[in-house]
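To start, the structure under review is shown below, and the notes come after it.
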Amino acid sequence: MASLERNNKILLDLVRQPGNNLCADCGAPDPDWASYTLGIFVCLNCSGMHRNLPDVSKVKSIRLDLWEDSLVQFMRERGNFAAKAIFEKCVPAFFYQPRQKDCTVLKDQWIHAKYERREFTGENNDLHQVYSSDSFETTLWKKGKDNKQFLKRIFVLSQKDFTLRYFIKEDSKVPKVIISMKDLNAVFQPEKVGHTNGLQISYLQDKRSRNLFVYHENGQVSLTPRLIPQLTRHCLKEGYMEKTGPTQREPFKKRWFTLCSMDRKLLYFKTPLDATELGAVFIGSESHSYSVSENNGKSSRGGRWHCGITLQTPFREFLFMCEQEQEQREWLEALRKVISQPMTPEDYANEAILSRGK
């Protein structure tokens, strides 16, 4: 018992040291687990992913589990800083390193790449050449525009001209679409796509938002870590709401809404998997006469959708209906977050473009 208490005290002292006091994989503060084969301190969430690598990493609680003297000595000799120098020696500048609040899939890819495949140790010359090249090519399964069938497509991410292109066939010379990275957003959507490695790629085409729904079969080789650093928009909230027409005398129509914070747009689609938006509402700032409030009226669905939201803009008033009060609160919070932010010169240009259609 004395040995158990002594070793746990040593580990608790070690985890308070700089570097060890943050999770080695996501940066979460105060980790209370450790991989005794890698010599790193990790958070509870990341420790679960390490359990999926039993040939590489074995974890214990630094508070509750029994630690042998030899394992404690190894933790003393290694630690997060020393492990980082080994497993993150050659991480490419563009490769996204997930943080605490990022989704599980992104963290899982990072952990597998670091420890199982040892992609960043500098040992694999082929990987170094791939990461240092101006372009990256991979095959993804893409949802067809007019049906639910997924088809193989070639995607090429170019760092030279900052574009993402996709080709219908391997021998195609001309890409189906060329997407500028400044107009692109990538979001994990496993539920929408129906696959663990599902990704929604959104971009602007002819001043309208388009969606590509793709997935990679095994998640080991993916565009995702290369796309994440280039995100230009962030989804604050998604879900169904009902929306009236411009006169508010028209019947409510159920639509799928996506609120993007960086370009201040509330996009709406007929279904979550639509490739093209039906329309967009610009969300300006409070100082420019934008506001949002509750409106508990009734929609056309027999009173079932009774949690209303009124969005006031300088050009017109919009009325939306949610089915549940929780959804109403979440939408109000997300919209108020955007409205509270000051507008940029680019925002003024987007407002002018969208207001012409109102």
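When reading the values below, keep in mind they use all heavy atoms of this one structure, side chains included, and skip hydrogens, waters and symmetry mates.
If you look at W256 and Y240, their ring centroids are closer than 6.0 Å. The aromatic ring centres of F257 and F320 sit less than 6.0 Å apart. Aromatic ring centroids of F120 and F87 lie 6.0 Å or more apart. Residues H50 and Y115 bring their aromatic ring centres within 6.0 Å.
Annotation: R329, atom CZ; neighbour count of heavy atoms from other residues, nucleotides and ligands within 6.0 Å is above 12.
With respect to K192 and E238, a salt bridge is recorded, a charged nitrogen being found less than 4.0 Å from a carboxylate O. A salt bridge is defined here as a Lys NZ or Arg NE, NH1 or NH2 lying under 4.0 Å from an Asp or Glu carboxylate O, and K114 with E88 meets this definition. Salt bridge annotation for E123-R118: present, with a cationic side-chain nitrogen under 4.0 angstrom from a carboxylate oxygen. In this structure, K60 does not pair ionically with D32, as no charged nitrogen and carboxylate oxygen lie closer than 4.0 Å. The pair E327-K237 meets the salt-bridge criterion, with a side-chain N (NZ, NE, NH1 or NH2) lying under 4.0 Å from an Asp/Glu carboxylate O.
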Step by step, work out the salt bridge (charged side-chain N to carboxylate O under 4.0 Å, His left out) result for R210 and D274. CA-CA 8 Å; R210 294 290 304 267; D274 281 359; over 6 Å; no
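Residues D69 and N7 bring a donor and an acceptor atom of their side chains to less than 3.5 Å of each other.
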